[in-house]
Amino acid sequence: MSFPLLTATAALPAIGAIATAAVPAARRTAAKWLALLFSLGTLVLAAVVFLRFEPGGDRYQLTESRAWIADFGVRYELGVDGIGVALLGLTALLIPFVIVAAWHDADPLETKSTRWHPTQGFFALILMVEAMVILSFVATDVFLFYILFEAMLIPMYFLIGGFGDRAHAGTDESAATQRSYAAVKFLLYNLAGGLIMLAAVIGLYVVAGSFSLSEIAEARANGSLEMATSTERWLFLGFFFAFAVKAPLWPLHTWLPNAMGEATAPVAVLITAIVDKVGTFAMLRFCLGLFPEASKWATPVVITLALISIVYGALLAVGQRDIKRLIAYASISHFGFIILGIFAMTSQGQSGATLYMVNHGISTAALLLVAGFLITRRGSRLIADYGGVQKVAPVLAGTFLIGGLATLSLPGLAPFVSEFLVLVGTFSAYPVAGIIATSGIVLAALYVLVLYQRTMTGPVQESVRSMPDLRARELAVAVPLIAVLIFLGVFPKPLTDVVNPAVEHTMSDVQKKDPQPEVEAAK
């Protein structure tokens, strides 16, 4: 048997989580370094996966398959395609930055009214989330994916509720109450989606007799799998509902602003840049792959919901007074673009959607983490509490501006390529939807530039006059992320070469071809 590379890539952070949690309570710094080393080791393995993946090869590569729960047909089955390998790489890339940015977020406070969990537990939970997310991107057994889809909620619940943002305007008691509310809301919304998905997973097994994606695809190809239209549509709705909650898609989005607002900035990155991508990834792999006819049937409604998400999220971002909630609503708008690209069902749209998942993760991480550094200095998330920061902390202001410009998809930065492809793919199939989606670009420019103007320009407020600029540890987070944004903005080919063959397979699943441009005949 060949070396189980995918298992090793997911197992390393899980082992790191156990090792970090086992470090004695008094050795907090050692636990932090241990967590960072395991995350860097995972990044190395992810790089090996990326280099060994052959874009022109089989659809699923580096495959592993072992019996797990034989009586119920459940297998431990892994395989990575171009979309999965891109998102695996995103996860492994961001986690070290999340750990470095969160270096002091779980240090004990010298107050008796606030009880903080051990620092070791905080970093162990981050590594455990990484392990589950990586495994979900490579799982090719539907039941295995479902277990991971639900299990990752547990460490996320404790990260939100137990280690919330300390920059809170209220008392310790009110802050704890709001953290608890946000964590419970996150858990209940996602559990509700997961329970509905469980019913659909069971229904799929009853119909197909297997949880294996490869076996289901083979049965569909040779005609041995016959699924009634109504059955396929009900199963699609069960899967899609769970993924739409995770994504999040309007109107199932309301848990996200609460969770991101009350979590620390690094945990907020974990939510929106990594965990939420499991939802949009699963739409491509499971909704379109398992239920192609139902996906085409639902396309008009899904595109409508995606457009509402784009405009609604952007409008609410414009009116926010809280920095992190503004970024949360901006993310809802961006997820609308991703889902729009998926269900436009054109190669440009789906390639753009996949690139958007990666680029949104990097740009949101850059903006949120720098915003977290800003909030930690001032002790407030309110935009009105800032002003003139660029005069006292120019490097902080500059990195914040670049992160914001990436968020609004400025040409030359990575998100521009993906947003452009999504819009081109949408225009070619649904011109009206493309026109409406374009309004999201205008609104993005408005909320990003207004945010920068109100926090960084103007007279220097007394409360920020002594604010220090970015330190070495913080620069080690911000500068590489900005470098990646610029690199992928001017040279996206390494990603597109990997993603495009996987998109062709997805287009083949739904039996869709790109619409041909209409050219007027010469008179």
Task: Tyr157 and Phe186 aromatic centres sub-6.0 Å - done: no
Open item on the list: For Phe373 together with Phe400, are the ring centres under 6.0 Å from each other?
Closed with: no
- [ ] Kindly compute the distance separating CG (Leu94) from CG (Leu481), expressed to the nearest 0.5 Å.
- [x] 6.5 Å
- [ ] Would you name the heavy atoms of Val275 and Met156 that are closest together and state the gap between them?
- [x] CG2-SD, 4.0 Å
Open item on the list: Could you walk me through whether Leu284 and Met357 satisfy the side-chain contact (heavy atoms from CB on, under 4.5 Å) test, starting with their C-alpha distance in whole Å, then the side-chain angles of each, then the deciding distance to 0.1 Å, before giving a yes or no?
Closed with: CA-CA 12 Å; Leu284 276 166; Met357 293 185 224; 3.7 Å; yes
Task: Asp469 side chain vs Leu396 backbone, donor-acceptor pair below 3.5 Å - done: yes
TODO: Measure from the side-chain N and O atoms of Thr280 to the backbone N and O of Lys277, and report whether any donor-acceptor pair falls under 3.5 Å.
DONE: yes
- [ ] Would you list the pairs meeting side-chain hydrogen bond (donor to acceptor under 3.5 Å, both in side chains) in which at least one residue belongs to residues 80-102, sequence neighbours left out?
- [x] Asp81-Arg285
Task: Donor-acceptor contact below 3.5 Å, side chain Arg75 vs main chain Ser212 - done: no
Task: Atom pair CE/CD1 of Met283 and Ile342 - distance to nearest 0.5 Å - done: 6.0 Å
Open item on the list: Could you tell me if the side chain of Pro415 sits less than 4.5 Å from the side chain of Leu485, heavy atoms only?
Closed with: yes
TODO: Please answer whether the main-chain N or O of Gly403 pairs with a side-chain N or O of Thr407 as donor and acceptor at a distance below 3.5 Å.
DONE: yes
Open item on the list: Suppose the criterion is side-chain hydrogen bond (donor to acceptor under 3.5 Å, both in side chains): which pairs have a residue in residues 244-257, not counting sequence neighbours?
Closed with: Tyr189-Thr254, His253-Tyr312
Open item on the list: Please check: side-chain N/O of Arg454 versus main-chain N/O of Gly387, any donor-acceptor pairing under 3.5 Å?
Closed with: no
Open item on the list: Is the shortest side-chain heavy-atom distance between Phe122 and Val267 below 4.5 Å?
Closed with: yes
Task: Residue pairs involving residues 19-38 (criterion side-chain hydrogen bond (donor to acceptor under 3.5 Å, both in side chains); sequence neighbours excluded) - done: Lys32-Asp107
Open item on the list: Is the shortest side-chain heavy-atom distance between Pro266 and Asp105 below 4.5 Å?
Closed with: yes
Open item on the list: Quick one, Val85 with Leu62, criterion side-chain contact (heavy atoms from CB on, under 4.5 Å). Give me CA distance, side-chain angles, the key distance, then yes/no.
Closed with: CA-CA 11 Å; Val85 79; Leu62 306 175; over 6 Å; no
Open item on the list: Assess the residue pair Arg473 and Val100 against the criterion (side-chain contact (heavy atoms from CB on, under 4.5 Å)); give the C-alpha distance rounded to whole Å, side-chain angles, the decisive distance to 0.1 Å, and a yes or no.
Closed with: CA-CA 7 Å; Arg473 173 179 64 86; Val100 174; 3.5 Å; yes
Open item on the list: Can a donor-acceptor pair be found, under 3.5 Å and without considering hydrogens, that links the side chain of Gln461 to the backbone of Tyr386?
Closed with: yes
Open item on the list: Quick one: does any side-chain atom of Arg381 pair with a main-chain N or O of Ile375 as donor and acceptor, under 3.5 Å?
Closed with: no
Open item on the list: For Phe53 versus Val80, what's the shortest heavy-atom pair and its separation?
Closed with: CE1-O, 3.3 Å
- [ ] Search all heavy atoms of Ser333 against all heavy atoms of Ala314 and return the closest pair with its distance.
- [x] CB-N, 3.8 Å
TODO: Would you check if the side chain of Lys324 reaches a backbone N or O of Ala371 as a donor-acceptor pair within less than 3.5 Å?
DONE: no
Open item on the list: Once rounded to the nearest 0.5 Å, what's the spacing between atom OH of Tyr146 and atom CG of Leu204?
Closed with: 14.0 Å
- [ ] Not counting sequence neighbours, which residues clear salt bridge (charged side-chain N to carboxylate O under 4.0 Å, His left out) with Glu150? List them please.
- [x] none
Task: Distance in Å, Leu369 CG paired with Leu374 CG, rounded so as to fall on 0.5 Å steps - done: 12.5 Å
Task: Candidate pair Tyr181 and Glu262, rule side-chain hydrogen bond (donor to acceptor under 3.5 Å, both in side chains), full reasoning - done: CA-CA 9 Å; Tyr181 172 79; Glu262 297 305 320; over 6 Å; no
Open item on the list: Would you say that Tyr76 contacts Leu144 through its side chain, given a criterion of any heavy-atom pair below 4.5 Å between the two side chains?
Closed with: yes
TODO: Please name all residues satisfying side-chain hydrogen bond (donor to acceptor under 3.5 Å, both in side chains) with Ser409, sequence neighbours left out, ordered by chain then number.
DONE: Glu419
Open item on the list: Less than 6.0 angstrom separating the ring centers of Phe335 and Tyr356, yes or no?
Closed with: no
- [ ] Would you please test Thr7 and Glu64 for side-chain hydrogen bond (donor to acceptor under 3.5 Å, both in side chains) and show each step?
- [x] CA-CA 8 Å; Thr7 294; Glu64 303 173 33; 2.4 Å; yes
- [ ] Not counting sequence neighbours, list each pair that qualifies as a side-chain hydrogen bond (donor to acceptor under 3.5 Å, both in side chains) and has a residue in residues 362-374.
- [x] His360-Thr364
- [ ] Let me know which of Phe145, Tyr60, Phe281 forms a ring pair (Phe, Tyr, Trp, His ring centres under 6.0 Å) with Phe137.
- [x] Phe281
Open item on the list: Measuring only between side-chain heavy atoms, which start at C-beta, is Val98 closer than 4.5 Å to Glu130?
Closed with: no
Task: Pairwise side-chain contact, Ser136 with Phe149, heavy-atom cut-off 4.5 Å (strictly under) - done: no
Task: Closest non-hydrogen atom pair between Pro248 and Leu256, with its separation - done: CG-CD2, 3.7 Å
Open item on the list: Let me confirm one number: the CG-CG distance from Leu451 to Leu408, rounded to the nearest 0.5 Å.
Closed with: 11.0 Å
TODO: Please name the pair of heavy atoms, one in Thr9 and one in Ala46, separated by the smallest distance, quoted to 0.1 Å.
DONE: CG2-N, 4.2 Å
- [ ] Report yes or no: does Gln61 contribute a side-chain atom to a donor-acceptor pair with the main-chain N or O of Glu54 at less than 3.5 Å?
- [x] yes
Open item on the list: Do Leu290 and Leu213 have side chains that approach each other closer than 4.5 Å (heavy atoms only, starting at C-beta)?
Closed with: yes
- [ ] Ignoring hydrogens and angles, tell me if any N or O in the side chain of Thr119 forms a donor-acceptor pair with the backbone of Ala106 under 3.5 Å.
- [x] yes
Task: Validation row: Leu87, Ile83 side chains within 4.5 angstrom (heavy atoms) - done: yes
TODO: Kindly compute the distance separating CG (Leu401) from OH (Tyr452), expressed to the nearest 0.5 Å.
DONE: 5.0 Å
Task: Minimum heavy-atom distance between Asp385 and Ser380, given as atom pair plus value - done: OD2-OG, 2.5 Å
Task: Gln320-Tyr447 side chain donor-acceptor pair, cut-off 3.5 Å - done: no
- [ ] May I ask you to decide if the ring planes of Phe487 and Phe491 are parallel, tilted or perpendicular, using 30° and 60° as cut-offs?
- [x] perpendicular
Task: Derivation of the side-chain contact (heavy atoms from CB on, under 4.5 Å) call for Val389 and Val460 - done: CA-CA 7 Å; Val389 174; Val460 179; over 6 Å; no
